[in-house]
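Data first, discussion second: the structure below is written as structure tokens.
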Amino acid sequence: MSSKFDHSYLQMAEVWAQNSYCKRRKVGALIVKDKMIISDGYNGTPSGFENICEDEDGVTKPYVLHAEANAITKVAKSGNSSADATLYVTASPCMECSKLIIQSGITRVVYRDAYRLMDGIELLKRAGIEVEQSE
């Protein structure tokens with residue numbers, strides 16, 4: 001059930017991704033409920049850490065948070081509820097983020113780029129979450 005807003009929210013997630021300091025891949029996410037953006041996130045290091053995502057060899061540091069995890073933890077701190085919300089993300093969620101999405105009560109995920117591993121998407125579908133790839 002694609003809405004006319006899906007494209008716009010994905011474009012906004014792409015703009016938000018540009019805030020990331022990561023060099024390998026910049027990912028942005030928005031959580032939308034009742035046509036209101038209730039949270040946003042991009043991939044990066046935890047608060048208080050240096051804004052450098054990769055080590056000297058160009059490998060992503062193990063403590064870098066994904067955009068979805070940042071958006072979900074941000075909404076948790078805000079006091080808003082992500083129950084029945086839609087997550088817009090520029091890359092398909094990984095397995096770890098998919099677990100957070102399920103537990104946060106998000107019921108729909110719209111992503112733009114497919115990640116090489118699709119096990120996160122399979123888990124979301126298994127949990128009954130509506131998943132769509134959009135441009």
Side-chain angles (χ1 to χ4, degrees):
M1 183 184 102
S2 181
S3 83
K4 66 179 183 175
F5 295 102
D6 286 351
H7 181 70
S8 297
Y9 285 130
L10 272 178
Q11 283 185 309
M12 292 169 78
E14 177 56 44
V15 169
W16 204 243
Q18 299 314 307
N19 290 318
S20 174
Y21 290 92
C22 297
K23 292 185 174 84
R24 288 184 65 211
R25 177 183 299 205
K26 295 177 185 295
V27 179
L30 296 177
I31 299 175
V32 177
K33 186 173 179 176
D34 301 324
K35 295 188 179 134
M36 281 191 317
I37 297 169
I38 61 168
S39 191
D40 51 58
Y42 52 87
N43 56 326
T45 56
S47 300
F49 282 68
E50 74 291 345
N51 287 321
I52 301 168
C53 298
E54 294 86 9
D55 64 19
E56 314 77 45
D57 299 322
V59 176
T60 300
K61 293 177 180 175
Y63 52 86
V64 167
L65 287 155
H66 289 184
E68 306 93 313
N70 269 326
I72 289 167
T73 54
K74 191 173 178 179
V75 78
K77 281 183 8 184
S78 76
N80 279 320
S81 169
S82 53
D84 300 320
T86 297
L87 173 75
Y88 294 90
V89 62
T90 58
S92 60
C94 70
M95 178 63 81
E96 291 303 311
C97 287
S98 292
K99 291 189 278 187
L100 292 174
I101 291 164
I102 293 165
Q103 291 299 94
S104 70
I106 290 168
T107 53
R108 184 168 177 258
V109 174
V110 180
Y111 68 94
R112 190 190 63 206
D113 301 328
Y115 184 61
R116 61 183 168 82
L117 297 175
M118 294 303 282
D119 53 352
I121 293 294
E122 295 309 314
L123 185 69
L124 292 173
K125 289 178 179 175
R126 192 169 148 205
I129 292 173
E130 184 184 338
V131 179
E132 284 182 51
Q133 186 171 11
S134 185
E135 293 181 9

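No experiment lies behind these values; they were computed from the predicted model shown. These numbers come from the heavy atoms of this one structure, side chains and all, not from hydrogens, waters or symmetry mates.
Taking 4.5 Å as the limit, some side-chain heavy atom of R108 sits within range of a side-chain heavy atom of Y88. You'll find the side chain of C94 stays beyond 4.5 Å of the side chain of L117, heavy atoms only. Y9 has its side chain within reach of K35: a pair of non-hydrogen atoms, C-beta onward, lies under 4.5 Å apart.
Looking only at distances, no side-chain donor or acceptor of K23 sits under 3.5 Å from a matching main-chain atom of G58. A donor-acceptor contact shorter than 3.5 Å is absent between the side chain of T90 and the backbone of A13. S20 places no side-chain N or O within 3.5 Å of a backbone atom of K26 that could act as its donor or acceptor partner.
Nearest heavy-atom pair, S104 versus S82, reported as atom, atom and distance to 0.1 Å: O-OG, 2.7 Å. In terms of heavy-atom proximity, A69 sits nearest to C97 at N-SG, 4.2 Å. Counting all heavy atoms, side chain and backbone alike, A114 lies closest to Q133 at N-NE2, 3.7 Å. Pairing each heavy atom of G41 with each of W16, the nearest pair is O-CD1, 3.3 Å. When all heavy atoms are compared, the tightest approach of A85 to K33 is CB-CB, 4.0 Å. Shown here for S134 and L10, the closest heavy-atom pair between the two residues is CB-CD1, 3.6 Å.
Cluster membership check: V110 shares its hydrophobic cluster with M12, using side-chain heavy-atom separations under 4.5 Å among Ile, Leu, Val, Met, Phe, Trp and Tyr. No chain of hydrophobic side-chain contacts below 4.5 Å, direct or via other Ile, Leu, Val, Met, Phe, Trp or Tyr residues, connects F49 to V64.
Rounding to the nearest 0.5 Å places OG of S39 at 10.0 Å from NZ of K77.
For E50, the salt bridge (Lys or Arg N to Asp or Glu O under 4.0 Å) partners are K61, not counting sequence neighbours. With sequence neighbours excluded, the residues satisfying salt bridge (Lys or Arg N to Asp or Glu O under 4.0 Å) with K99 are E96.
Around CD of E54, the count of heavy atoms belonging to other residues, nucleotides or ligands within 6.0 Å exceeds 12. Remark: D34 CG is loosely packed, at most 12 non-hydrogen atoms of other residues, nucleotides or ligands lying under 6.0 Å away.
The pair D113-R25 does not count as a salt bridge, with every side-chain nitrogen at least 4.0 angstrom from each carboxylate oxygen. Between K74 and D40 there is a salt bridge, since at least one side-chain N of the basic residue sits less than 4.0 Å from a carboxylate O of the acidic one. The pair E14-R112 meets the salt-bridge criterion, since a charged nitrogen lies less than 4.0 angstrom from a carboxylate oxygen.
Counting Ile, Leu, Val, Met, Phe, Trp and Tyr side chains that sit under 4.5 Å apart, directly or through other members, Y111 shares a hydrophobic cluster with V27, I31, I38, I72, V75, L87, V89, M95, L100, I101, I102, I106, V109, M118, I121, L123, L124, I129, V131.
Between the side chains of N70 and Y42, not a single donor N or O lies within less than 3.5 Å of an accepting N or O.
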